[in-house]
Amino acid sequence: MSHAVTLIPGDGIGPEITAATRKVLEATGLQFDWDEQVAGMAAVDRTGDPLPDATVDSLRRTRLALKGPLTTPVGTGFRSVNVALRKEFQLYANVRPTRSIQGAGRFSDVDLVLVRENIEGLYVGVEHFVQVGDDPRAVAESMAIVTRQGCERIIRYAFEYAERNRRKKVTVIHKANILKMVSGLFLETGRKVAAEFEGRIAFNDLIIDNAAMQMVLRPEQFDVMVTTNMFGDILSDLAAGLIGGLGLAPGGNIGAGAAVFEAVHGSAPDIAGKGVANPAALMLAGAMMLDHLDEVAAGDRVRGAIAGTIEQDRVRTRDLGGTATTKEFADAVVRRIA
Ligand code: NAI
Ligand code: MG
């Protein structure tokens, strides 16, 4: 059987790390039917539209994409493609596993998964200025929109993810002490969903600021964490920092209608075209995609090969203090899989 996947190489280092990732995924022996499509600046150059209909149609058909980073043009009217995809396909769950790789980062025992609500909250972008006297921008107001249904589906996703992946605990992160409604609803829903999983998945809750400190002091205490959009945005980058940064941080955007897997980092224009980018984050996103396809054994092989390449073979790209090129790293990972 062949897995149909929309492949979006993306901008900057995107094509280099996508080629490397494709090679590694194919080395597992699985068959892929790649439908290559453009988005971002590559699409603007070719079609004038950062998210062409053909790309959306492809994703509608495959319901699965592996995506390189996209450069968001600054100063023009183009919408953010990432946000457009999230809305179009209701990709409500942003899932970021963070696991230590020895030789990278400050901690050796981090193994947590952060589940971030991807559509609601403060990032709905409902904001305006209020005029006071002759100052039209004297006050800025922004609305955080949180629905019971949105809370329930993300928290349920986190618990089901925990169960499916044999994890033990879900921590709900909030600020319900101050934001009694917007964050209170999230915590209230967390307690209700947790009760359904009692005896199978442990549950606790932490206030966001304390959670940030705890992550830096003792990250090993965390298993699955679930939180609202903006808190998740910040904590997921914090989590990436614990294990050595962007070169090792994968993410999945998952919804009822489709799933898009990508690296957390951007298009890295400063090193684009030089062949030195670390493809590990996108490869790890590829492994998440394999899990999503129920090819968990293959996903584990990819993760194991990446860790072995960095830890034992000491083949590392520049961002991890090594000298390997993108291609050398990919070839080393392929050797371990084969
Ligand atoms: P960036 O993540 O592209 O780069 C930040 C720093 O990390 C740079 O020094 C870069 O060289 C380095 N870096 C990133 N990925 C790396 C890798 N795989 N290997 C080695 N070094 C790596 O963030 P920046 O510069 O803020 O954004 C550049 C562009 O990417 C912008 O247009 C931004 O909008 C876009 N972006 C797109 C994302 C997406 O499509 N999901 C996510 C984040 C940014
Ligand atoms: Mg972010």
Side-chain angles (χ1 to χ4, degrees), residues 7-21 24 37-45 50-51 55 65-76 78-86 91 94-96 98 101 104-105 114-119 121-123 227-241 243-253 259-286 288 306 310 315-330 333:
L7 183 71
I8 302 172
D11 301 315
I13 60 173
E16 302 162 53
I17 60 175
T18 309
T21 298
V24 163
Q37 297 289 340
V38 288
M41 284 313 286
V44 171
D45 293 344
L51 184 58
T55 304
L66 184 67
K67 175 182 151 300
L70 307 178
T71 300
T72 304
V74 183
T76 68
F78 287 125
R79 59 197 163 140
S80 158
V81 174
N82 293 318
V83 173
L85 284 174
R86 271 176 218 165
L91 306 174
N94 185 267
V95 181
R96 291 205 192 164
T98 303
I101 287 185
L114 194 123
V115 177
R116 161 189 171 191
E117 203 290 321
N118 222 5
I119 300 174
L122 207 50
Y123 288 6
T227 191
T228 42
N229 206 338
M230 185 168 73
F231 294 161
D233 187 12
I234 299 166
L235 289 188
S236 56
D237 275 30
L238 192 161
I243 57 146
L246 290 172
L248 296 171
N253 298 283
V260 175
F261 295 90
E262 63 184 339
V264 167
H265 61 71
S267 55
D270 51 333
I271 56 168
K274 296 188 178 146
V276 298
N278 186 354
L282 191 64
M283 288 175 182
L284 290 167
M288 290 177 75
I306 292 167
I310 297 171
V315 176
R316 296 171 190 173
T317 45
R318 287 196 326 202
D319 56 307
L320 296 180
T323 56
T325 63
T326 307
K327 190 173 173 304
E328 285 163 355
F329 184 83
V333 175

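Start at 1 and go down the list; that is how both ligands and their atoms are numbered.
Heavy-atom proximity to A277, at under 4.0 Å, picks out these atoms of ligand 1: 19 (N). Atoms of ligand 1 found under 4.0 Å from any heavy atom of E262 (numbered from 1 in listed order, with element): 41 (N). Below 4.0 Å from some heavy atom of P69 lie the following atoms of ligand 1, by number and element: 40 (O). For ligand 1, the atoms closer than 4.0 angstrom to any heavy atom of T71 are 32 (O). With ligand atoms numbered from 1 in the order given, ligand 1 contributes 11 (O), 20 (C), 21 (N) to contacts under 4.0 Å with heavy atoms of I271.
Not a single N/O/S atom of D237, whether from backbone or side chain, sits less than 2.8 Å from the Mg ion (ligand 2).
Protein heavy atoms are found less than 4.0 angstrom from atom 3 (O) of ligand 1. Contact annotation for atom 34 (O) of ligand 1: protein present (non-hydrogen atoms, distance under 4.0 Å). Atom 24 (P) of ligand 1 is not flagged as protein-proximal [any protein heavy atom, distance under 4.0 Å].
Protein heavy atom at the shortest distance from atom 39 (C) of ligand 1 is N82 ND2, 3.3 Å. Of the protein's heavy atoms, A268 CB, 4.4 Å lies nearest to atom 12 (C) of ligand 1. Closest protein heavy atom to atom 28 (C) of ligand 1: P269 CD, 3.6 Å. When only non-hydrogen protein atoms are considered, atom 5 (C) of ligand 1 lies nearest to L246 CD1, 4.3 Å. The single protein non-hydrogen atom nearest to atom 29 (C) of ligand 1 is S267 OG, 3.2 Å, given as residue, atom name and distance. In terms of protein heavy-atom proximity, atom 44 (C) of ligand 1 is nearest to G266 CA, 3.3 Å. At the top of the distance list for atom 40 (O) of ligand 1, counting protein heavy atoms only, stands L70 N, 2.9 Å.
In terms of modelled atom types and a separation under 3.5 Å, the side chain of R116 and the main chain of N229 share a donor-acceptor contact. Checked by atom type and distance alone, the side chain of E16 pairs as donor or acceptor with a backbone atom of G275 at under 3.5 Å. With N253 contributing its side chain and L91 its backbone, the two residues share no donor-acceptor pair below 3.5 Å.
For D233, the N, O or S atom closest to the Mg ion (ligand 2) goes by the atom name OD1.
Side chains of I310 and F329 form a contact here, defined as non-hydrogen atoms less than 4.5 Å apart. Between L70 and N82 there is a side-chain heavy-atom pair separated by less than 4.5 Å.
Only the side chain of I13 comes within 4.0 Å of ligand 1, counting heavy atoms alone; its backbone N, CA, C and O stay farther away. Looking at T72 against ligand 1, both its backbone and its side chain come within 4.0 Å, counting heavy atoms. With a heavy-atom cut-off of 4.0 Å, N278 touches ligand 1 through backbone and side chain alike.
For atom 11 (O) of ligand 1, the nearest non-hydrogen atom from the set V260, D270, I17, V276 comes from D270. Of the candidates K67, M41, H265, H265 brings a heavy atom nearest to atom 15 (N) of ligand 1.
In this structure, V264 is part of the shell of residues with a heavy atom less than 4.0 angstrom from ligand 1. Within the 4.0 Å heavy-atom cutoff, A281 does not count among the residues contacting ligand 1. R318 does not count as a contact of ligand 1, since none of its heavy atoms falls under 4.0 Å from the ligand.
Taking OG1 of T21 as the reference point, atom CE of M283 lies at 5.0 Å (rounded to 0.5 Å). Considering CD1 of I13 and NE2 of H265, their distance stands at 4.5 Å, rounded to 0.5 Å.
D233 and R96 are not joined by a salt bridge, as no carboxylate oxygen comes within less than 4.0 angstrom of a charged side-chain nitrogen.
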